[in-house]
Amino acid sequence: VSQSRYVDIWVSEGSTTFSEAMDMIASSIGAWYGFDALGDLRMGRLTAPSGTEVVTLYDYDIYDNIERRVARDSGVPVWKVTVNHSKLWTTQPSGIATSISAARRAYLAEEYRKSTSTDSSVKTQWLLAETMEVNGLLTSSSNADTESSRLLSLFKVRRDIFDVTVNLEVVTSNSLKMMDVVTVVLDRFAVIVTGK
């Protein structure tokens, strides 16, 4: 029976914590993990909002501490995403037998292989558009190509994050889960926000 491996991880006994291992795996596919409002550990992949919202929230549903922040440190979209993949946990930059090909030598000398997706048109609107580089544990270039393209689509547009506090009843009565689509109507910011 053949098996497909999507990520490889090396765990050092006594030195790699659970959260460190989870962080490495999650970053490989743009995933998140955490505890929901009921204390259950959840996992998922960060994607752009789509579909019909589960609930619409208005100003009167939200407590006063609404915070608006950018999705990335600078708030500027990216025009290029590089996903580093096929990690070598031990590189060999020298000391390799002379019979080994130059291509194989180059492979063994580098910690990662690189998959890059670009959209230069982003720089037309955003002159200071940035690049993003992600160190991951994906084991194939095709999967890394797919992920770099997915991340570019997600981050080549401006996105804001709204932190809103609601009563737990809003969550339970609507059976809200992480990554459900929610629309927030905020007169304070004169916007209608749809997100996850």
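Along the sequence shown, the residues carry numbers beginning at 1.
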Roughly how far, to the nearest 0.5 Å, is [atom2] of [Y] from [atom1] of [X]?
X      : Y      : atom1 : atom2 : answer
Thr90  : Leu108 : OG1   : CG    : 11.0 Å
Thr16  : Met24  : OG1   : CE    : 5.5 Å
Leu138 : Ser27  : CG    : OG    : 9.0 Å
Trp10  : Leu137 : CH2   : CG    : 13.5 Å
Asn84  : Thr116 : CG    : OG1   : 8.0 Å
Arg68  : Phe162 : CZ    : CZ    : 4.0 Å

Could you list the donor-acceptor pairs under 3.5 angstrom formed by side chains in residues 120-130, with sequence neighbours left out?
residue: Ser121; atom: OG; partner: Asp119; partner atom: OD1; Å: 2.5
residue: Ser121; atom: OG; partner: Asp119; partner atom: OD2; Å: 3.4
residue: Thr124; atom: OG1; partner: Ser121; partner atom: O; Å: 3.2
residue: Glu130; atom: OE1; partner: Arg72; partner atom: NH1; Å: 3.1
residue: Glu130; atom: OE1; partner: Ser74; partner atom: OG; Å: 3.1
residue: Glu130; atom: OE2; partner: Ser74; partner atom: OG; Å: 3.0

> Is the closest basic N to carboxylate O distance between Glu133 and Lys114 below 4.0 Å?
Replying inline: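 Salt bridge present between Glu133 and Lys114.
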> Does a salt bridge link Asp160 with Arg69, judged by any charged N lying under 4.0 Å from a carboxylate O?
Replying inline: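 Judged by the 4.0 Å cut-off on N to carboxylate O distance, Asp160 and Arg69 do not form a salt bridge.
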Side chain proximity check, [X] to [Y], heavy atoms < 4.5 angstrom:
X      : Y      : value
Ile62  : Thr165 : no
Ile9   : Val11  : yes
Asp180 : Lys177 : yes

> Is there a donor-acceptor pair closer than 3.5 Å between any side-chain N or O of Ser117 and the backbone N or O of Ser149?
Replying inline: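 Checked: pair present.
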>> Tell me every residue that passes side chain to side chain donor-acceptor pair (under 3.5 Å) with Tyr60, counting only those two or more places apart in sequence or in another chain.
In response: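 Tyr60: no side chain to side chain donor-acceptor pair (under 3.5 Å) contacts found.
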